[in-house]
Each structure stands twice: as structure tokens, then as C-alpha cells.
Amino acid sequence: MSGRESFLLDLQRALAAPPHAISPKYFYDAEGSRLFDRICDLPEYYPTRTERGILTRHSREMAEAVGRGADLVEFGAGSCAKVRLLLEDLRPRRFLPIDISGDHLQAAAAELERDHPGLQVLPVVGDYSAEVELPPPLPGARRVGFFPGSTIGNFGPAEALQFLRRAARLLRGGGLLLGADLIKDPDVLHAAYNDAQGVTAAFNLNLLARANRELGTRFELDRFWHSAFYNAAQQRIEMHLVSRERQTVQVGGVACEWLEGQALHTENSYKFSIEGLRSLASQAGFRPGPVWTDPQHLFSVHWLEAPEHLEDDA
Ligand code: AVJ
């Protein structure tokens, strides 16, 4: 099925019946990727800046844990900006960035290769939350995963466990360098997803703008508002698109009704405790190693070793 077809079917399904939820992967067309890059520069959005600080400050220790000359795979590489902070110390033999946003990825990979002659960069366009086909491993190199940005927080607990189980299998004999956002003052979280300039709102609403571009729908963006709040019981930020009024929108020949105040759930962003994340990783078959964090304990980066022989290798 093409990307367009799956977007259409998923959107129709989300609008037809509760729970009215759609995967956040649909945020990332070219425009959405551009908006996300702008989010990363916002004063309120601490995760990117904080993680970059951690990677910069501790790259040498990370290289010691991870080992040099790896066959490095990044899940959801986007602009490939973060791996740059590690390359000098990590010195991987090859870099395989995986991302769903094809054009964005190809451009970023080309730039990276230009800036690092000698590094082999092989972009893989695909959905890392599903099974992706990777080129065969480099003979003699350990496969190491890099999953920064707390993108793992987009998964619910069961899906996160499933993702980590697959990653442990894919990376056995190597490991995973994983960024995870930490549980903190809800006011800080709230501000990070409700920025003053409205970039996060535009990012959220871009889901409907993208439908207009790709699916020929006629969503009027000003008839919806961006809602983002911290759900403390579930330890996650939730984002929703809420209808300001009662309305009907045609989606691929299906009339979709919105009641006033009806919400389409577009994203979860789970927050973690260091211990909670280590225990999840252990359950998935990893051996949790060193953890690096910032002085304010806003964000964490974990080295998770994937043993050669997994216990639940079924
Ligand atoms: C890319 C999933 C880590 O959850 O913070 C940013 C996405 N959504 N602002 C996050 C996002 C709204 C981001 N992740």
C-alpha cells in the first residue's frame, strides 16, 4: 500500500469511530519535518537542546561504552543533526539513517556524506516502527543503534517493549544508544508543547493541511484548535486536534462528522524515569549500561547492551 493510501485509510478509520486516534508518523511530510526542525529551536522545547548538550559533553564516554568502528543505524534520523555530535568520537565505519520522510532524508544524508569524507552513508527510507529491510551487516562490525530525541515516547508501553525487543534482536552483539525524556514539572512539559509562537500548533494542524494537499480534503484549519496537555496518570503529553464547531468534512468520499469539541488524538509523548526505562530495556532483553543526564535531570541518554545470545530469542 502506498503512503497516501494508508494515510487515507487511517484517517477515515480515526474519524469514523472512537478512539479517534491516528499515528503521529503522518506529521512528517516535507512541511511537517520543516516545522519539527523549528520546534527543536524553540526556547520552550528543552529536549533537543538538552540532549545535544548531553551528547556533546559525554561523547567520549559514549564512544568508550559503544565501541568504535560500528555499523551505526539511526531510527527516525530526520535531519541527521544529532549523530554529527558523535561522529568524531564514535568513528563508525558506516551510517544507516532510517526515516519515513524520503526527500528530507536523502538531502540530509548527502550533506552528511559531503561533510565526512570516508564515512559511508546509506539512507534507508522506511517506517522503523514496522519491520524495515536493512542492507546486510558489515562483516566484522558491531551493529549499534541510535534512537535519540525521545522518539521512543511516541510508543505506548506495549509498543515500546515490542520495538525494543526487535531492536535487541537486530542489534545483538552491539547495542542501542537511546534518548529518553524524563518526568518533570508539568508546567515545563506544558510550555514545551504549547509554545508562544504557535509552531507546535502549526505542526499539529499540518496533519489536516497534509490531508488537504495529498487526499484532496477541504479541512478549514481555523475551525480546529491545537490541544496539548500532560496526562499525569499515564506519564505522557497528549496532543489533539479539536473541532471548534459541528462540521462535516469529506474524506475520500466518506462524510466525516465532527461534533463541537470532538478531538482527534494525534500524538502521545511518554515521559520516563531512569529506572523505569532501564527496567523496560531489561524486559526487552538489553543489559542497561551507563546513563548520562543533564544537571537539571530534564533528559537522559542510555547505553543498552544487546547480548549476543538473547534469553527470549524465540
Ligand atoms: C519527535 C516524538 C520526540 O514528542 O516531543 C514535538 C514530537 N510533538 N512537539 C516529542 C513533538 C510536539 C517529539 N518527538
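None of the values given here were measured: they were computed from a predicted structure. For ligands, and for the atoms within them, numbers begin at 1 and follow the listed sequence. Every heavy atom of this structure was used, including side-chain atoms; hydrogens, water molecules and symmetry mates were not.
- One option in Tyr270, Phe203, Tyr46, Tyr45 has a heavy atom closer to atom 10 (C) of ligand 1 than any other, and that option is Tyr45.
- Under a 4.0 angstrom heavy-atom cut-off, Pro47 registers as lying outside contact with ligand 1.
- When Tyr193, Phe27, Tyr45 are each tested for a ring-ring contact (aromatic ring centres under 6.0 Å, His included) with Phe203, only one passes: Phe27.
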Inset, instruction - Carefully, step by step, assess Phe146 and Phe95 under the rule ring-ring contact (aromatic ring centres under 6.0 Å, His included). - result: CA-CA 10 Å; Phe146 182 42; Phe95 179 52; 7.9 Å; no
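- With 3.5 Å as the limit, one finds a donor-acceptor pair spanning the side chains of Gln247 and Ser243.
- Taking a cut-off of under 4.0 Å to the non-hydrogen atoms of Phe36, the atoms of ligand 1 that pass are 1 (C), 6 (C), 7 (C), 13 (C).
- Compare Gly76, Gly149, Ala201, Pro24 by their heavy atoms: the one nearest to atom 3 (C) of ligand 1 is in Gly149.
- Inter-residue side-chain proximity for Glu305 and Phe286 is flagged as unmet; no heavy-atom pair is nearer than 4.5 Å.
- Using a 4.0 Å cut-off between charged side-chain N and carboxylate O, Arg142 and Asp71 make no salt bridge.
- Side-chain contact, Glu238 with Asn231: a donor N or O sits under 3.5 Å from an acceptor N or O.
- For Tyr28, no nitrogen or oxygen atom sits less than 3.5 Å from a nitrogen or oxygen atom of ligand 1, counting backbone and side chain alike.
- Closest to atom 2 (C) of ligand 1, if we only count protein heavy atoms, is Asn154 OD1, 3.2 Å.
- A heavy-atom separation below 4.0 Å is not found between Phe27 and ligand 1.
- Checked by distance only, ligand 1 and Lys271 stay at 3.5 Å or farther apart across all their nitrogen or oxygen atoms.
- Proximity of Tyr193 to ligand 1, defined as any heavy-atom pair under 4.0 Å, is confined to the side chain (atoms from C-beta onward).
- With respect to Arg13 and Asp10, a salt bridge is recorded, a charged nitrogen being found less than 4.0 Å from a carboxylate O.
- Of the protein's heavy atoms, Glu267 OE1, 3.6 Å lies nearest to atom 11 (C) of ligand 1.
- Classification of Arg84 and Asp115 as a salt-bridged pair holds, one side-chain N sitting under 4.0 Å from a carboxylate O.
- Nearest protein heavy-atom neighbour of atom 4 (O) of ligand 1: Ser269 OG, 2.6 Å.
- Of all the atoms in ligand 1, the ones that sit under 4.0 Å from a non-hydrogen atom of Ser150 are 3 (C).
- Judged by a 6.0 Å distance limit and a 45° cone about the ring axis, Arg244 is not positioned over the six-membered ring of Phe224.
- Between Thr151 and ligand 1, no pair of N/O atoms sits closer than 3.5 Å.
- The shortest N/O to N/O separation between Thr200 and ligand 1 does not fall below 3.5 Å.
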